[in-house]
There are 2 protein chains.
Amino acid sequence: MENRLEKIKKQLHTSSYKLTPQREATVRVLLEHEEDHLSAEDVYLLVKEKSPEIGLATVYRTLELLTELKIVDKINFGDGVSRYDLRQEGAAHFHHHLVCIECGSVEEIQEDLLEDVEAIVEERWNFLVKDHRLTFHGVCRNCQTKHAEVTPLNPEKTSI
Amino acid sequence: MENRLEKIKKQLHTSSYKLTPQREATVRVLLEHEEDHLSAEDVYLLVKEKSPEIGLATVYRTLELLTELKIVDKINFGDGVSRYDLRQEGAAHFHHHLVCIECGSVEEIQEDLLEDVEAIVEERWNFLVKDHRLTFHGVCRNCQTKHAEVTPLNPEKTSI
DNA sequence: CTAACTGCAAAACGTTTGCAGGTGT
DNA sequence: ACACCTGCAAACGTTTTGCAGTTAG
């Protein structure tokens, strides 16, 4: 953890950005909530817990900076808010998401499942792929189980 | 075209929604601009050309309604605006997009390239896939050609 | 006839920006 | 020392909402 923080510090310095206490606090929050998909407001509130003097604008500016440096990825699940997701160390590609349409939970897929698809797109559409966003909407494991409790039939795929 | 409009009318009635002139005008605009990815404002301006008395709020309410009925899909390419995209007739799944990071053009892929990936997700993550969003960010055919303008190639088909 | 729908204007929302002052390198 | 950074509040652009009047079914 401290390790990753150090790395990020270096990345900032390399691009000649200063590491202010506010930026450090923000990065710490992101590291502590790597599983979550925090909105700027979420990050703000969490940072505020430890550094109450921080302003929302600073959080926005920091998140923008981190996005620019590809330390975090900015994502949008269709609700009105941008969410910020720490990149995996050394990940070439953005990871995928499984959004449950019933409970709203978000699961991450770190594996790159798109290699073949990207090859097809590059070849057939002549499009030079630099990044991707893939999100599946559906029913998560938990919510499927809940249904099965109500009507304990064999858990077949429900038709839409 | 009239055919598709009729179908949409029926879908509205089936769900006991009224077909007002404003809604019809909005749907017509969407049908006439199927290739584009219009924002609410875009739609509003286009509808206004033929029905100047329409209000922006009505357009928003209509687009929301059409989204709810799965007649259109609401998408977000990361700029601050929602865009609305007519579903293909009988399409089970949402189509994919190629967004050019240089010129901003958006190309559509109607083929479903995700069948295999979805099977993997369902099996390995136990996630019941209902829909997906897949967007590739990269460099389109045209912009690649521009780069190579030193060594002029034969002009390819223009996208968008 | 009346519940559903409309236009308008105001409000709400997330996000950005200008500025005067402060701070890390 | 000085460019970069901050907090605040005001400004922004998009989307939603309250309301009084209108209309499709």
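The chains referred to below are lettered A, B, ... by the order of the sequence lines, with proteins before strands, and numbering in each begins at 1. Everything numeric in this text was worked out from a predicted model, so none of it was measured.
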Please report the C-alpha distance between F136(A) and H97(A) in whole Å, then the side-chain angles of each, then the deciding distance to 0.1 Å, and finally whether the ring-ring contact (aromatic ring centres under 6.0 Å, His included) criterion is met. CA-CA 6 Å; F136(A) 289 104; H97(A) 294 96; over 10 Å; no
If we ignore angles and hydrogens, is there a donor and acceptor under 3.5 Å between the side chains of D85(B) and H95(B)?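 Per modelled atom types, D85(B) and H95(B) side chains form a pair under 3.5 Å.
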Hydrogens and angles aside, do Q110(A) and H96(A) bring a side-chain donor and acceptor to less than 3.5 Å of each other?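 On atom types as modelled, these side chains do not qualify, holding no pair under 3.5 Å.
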Gap between atoms [atom1] and [atom2], on [X] and [N] respectively (whole Å):
X      : N       : atom1 : atom2 : value
E68(A) : dC5(D)  : CD    : P     : 11 Å
D79(B) : dC12(D) : CG    : P     : 20 Å
E24(A) : dC5(D)  : CD    : P     : 15 Å
L63(B) : dT15(D) : CG    : C1'   : 11 Å
Q22(B) : dG21(D) : CD    : C1'   : 13 Å
Y60(A) : dG18(C) : OH    : P     : 17 Å
Y84(B) : dT15(D) : OH    : C1'   : 8 Å
L19(A) : dT25(C) : CG    : P     : 6 Å

Of the options [options], whose atoms approach the side-chain atoms of [X] most closely?
X      : options                   : answer
T58(B) : dT25(C), dT6(C), dG7(D)   : dT6(C)
K18(B) : dC19(C), dC5(C), dG7(C)   : dC5(C)
V81(A) : dT25(C), dT15(D), dT15(C) : dT15(C)
A57(A) : dT15(D), dT17(C), dA9(C)  : dT17(C)
Y17(B) : dC5(C), dT15(D), dT6(D)   : dC5(C)

Can you tell me if T20(B) touches the phosphate of dT6(C), counting only side-chain N or O atoms and a distance under 4.0 Å to OP1 or OP2?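 Yes, within the criterion.
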Can you tell me if E35(A) has over 12 outside heavy atoms packed within less than 6.0 Å of its CD?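 Not buried by this count: 12 neighbours or fewer within 6.0 Å.
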Check the pair T145(A), N142(A) against side-chain hydrogen bond (donor to acceptor under 3.5 Å, both in side chains), reporting the backbone distance first and the verdict last. CA-CA 5 Å; T145(A) 312; N142(A) 279 350; 5.1 Å; no
So what does [X] hit on the nucleic acid, given a heavy-atom distance under 4.0 Å: a base, only sugar-phosphate, or nothing?
X      : result
R23(B) : sugar-phosphate
S82(A) : sugar-phosphate
E53(B) : sugar-phosphate

Could you pick out which residue, E64(B) or P21(B), lies toward the 5' side of DNA chain D when each is mapped onto its nearest nucleotide? E64(B)
